[in-house]
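Scroll down for the structure; my scribbles are underneath it.
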Amino acid sequence: MTGLVPAPDFDLGLTLGSGQVFHWTQVGREWHGVIGATAVRVEQRGDELRVTPGTEALVARYFALDHPLAAIRAGFPADAYSQAALASCGGLRIMRQPRWECVATFLTSAMKQVAHIRAISLELRRKFGEPVAGSRVRAYPAAERLAEVSERRLRACGLGFRAPHLRAAAGMVASGEIDLEALAGLGTAELRTELCRLPGVGRKIANCALLFAYERLEAVPVDVWIARVLRGMRGEASLAELEAYSAERFGPYAGYVQQYLFHHARVSKSLPGE
DNA sequence: ACCCAGGGGCAAG
DNA sequence: CTTGCCCATGGG
């Protein structure tokens with residue numbers, strides 16, 4: 001018995017491998033992971049997903065299969081590099097992630113390579129996450145749990161200087177000082193300001209959360225890769241100027257453009273103007 | 001050995 | 001309001 005989910009304009013492997021989430025594992029043709037506290041197995045067959053029975057609606061929402069991808073792609077910038085990114089990223093979607101999991105994961109991503117962010121995520125899950133029936137990987141540890149873990153034990157997961165940040169941020173969320181769910185009602189600028197109150201969360205990581213967990217598809221996280229790409233388009237500029245440039249030039253789905261550029265730059269190992 | 005990684009915080013200009 | 005420097009750790 002297998003659940004079926006229609007999934008036009010979607011590439012499961014590409015989406016899971018584009019640096020948005022870090023805990024999914026490919027097993028043959030299947031991808032195994034958890035969405036929140038639910039075990040999910042997904043296999044793509046053309047324009048259809050075969051999923052764990054009962055998770056159809058959850059999967060469709062998580063992978064944002066309702067995003068108007070044709071319209072989003074039609075609005076991409078006309079320059080050669082953006083068009084090359086567009087052509088190489090067919091079916092890549094911006095997912096809807098659980099809020100705390102997204103904020104915490106990107107908090108631990110500062111100055112880390114994608115492979116190591118994954119290792120940290122899996123280690124935190126293994127040591128502090130709740131078991132999920134039917135899944136080898138555990139749920140991302142709740143803020144309440146991480147807030148009570150010693151800095152020493154967090155550092156043992158390879159967190160380095162991020163350990164006290166994660167612990168303190170978890171404490172603020174666990175105490176209710178910051179309500180990540182209630183924040184969803186705020187406008188984007190106010191929401192970003194609130195997220196930046198969390199230790200270890202600055203402009204870039206807040207923008208990751210806005211884009212990947214709050215459906216603010218206009219948000220553009222400017223990391224070292226995107227900075228290189230944008231400088232190739234615009235010339236030398238500060239990070240703030242680069243973000244403003246992308247907002248102005250990429251439009252209401254700037255976050256999508258950013259994600260395609262990020263993935264294309266990493267895979268093609270090329271930059272605009274080369 | 002050496003360089004870099006999906007940055008943030010803080011002090012100094 | 002900007003820039004410079006340090007913060008740990010692992011992979012290429």
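On a predicted model such as this, the values are computed, not experimentally measured, just so you know. Just so it is clear: chains get the letters A, B, ... in the order the sequence lines come, proteins before strands, and each one is counted from 1.
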Fill in: Closest nucleotide among B:dG8, C:dT3, C:dG10 to the A:Lys204 side chain
B:dG8

Worksheet entry | 4.5 Å side-chain heavy-atom contact, A:Val40 and A:Val34 | no

Discussion item. Taking any heavy-atom pair under 4.0 Å as a contact, classify A:Gln258: base, sugar-phosphate, or nothing.
Written reply: base

Worksheet entry | Distance-only polar pair, side chains of A:His23 and A:Arg125, donor-acceptor under 3.5 Å | yes

Fill in: Below 4.0 Å: OP1/OP2 of B:dG8 and any side-chain N or O of A:Arg162
no

Worksheet entry | Side-chain N or O of A:Arg228 closer than 4.0 Å to phosphate OP1/OP2 of B:dA5 | yes

Item to complete: Assess A:Arg96 against A:Phe212: is NZ or CZ under 6.0 Å from the centre of the six-membered ring, and within 45 degrees of the ring's axis?
Response: no

Practice prompt. Return the 5'-most residue of the pair A:His165, A:Val220 with respect to DNA chain B, ranking by each residue's nearest nucleotide.
Written response: A:Val220

Fill in: Test item: side-chain donor near acceptor, A:Thr52 and A:Arg41, under 3.5 Å
no

Discussion item. Nearest to the A:Phe161 side chain among B:dG8, B:dA5, C:dA8, which nucleotide is it?
Written reply: C:dA8

Practice prompt. Select one nucleotide: of C:dA8, B:dG7, C:dG10, the one nearest the side-chain heavy atoms of A:Gln113.
Written response: C:dG10

Worksheet item: A:Leu242 has an atom CG; how far is it from atom C1' of C:dT2, in whole Å?
Response: 14 Å

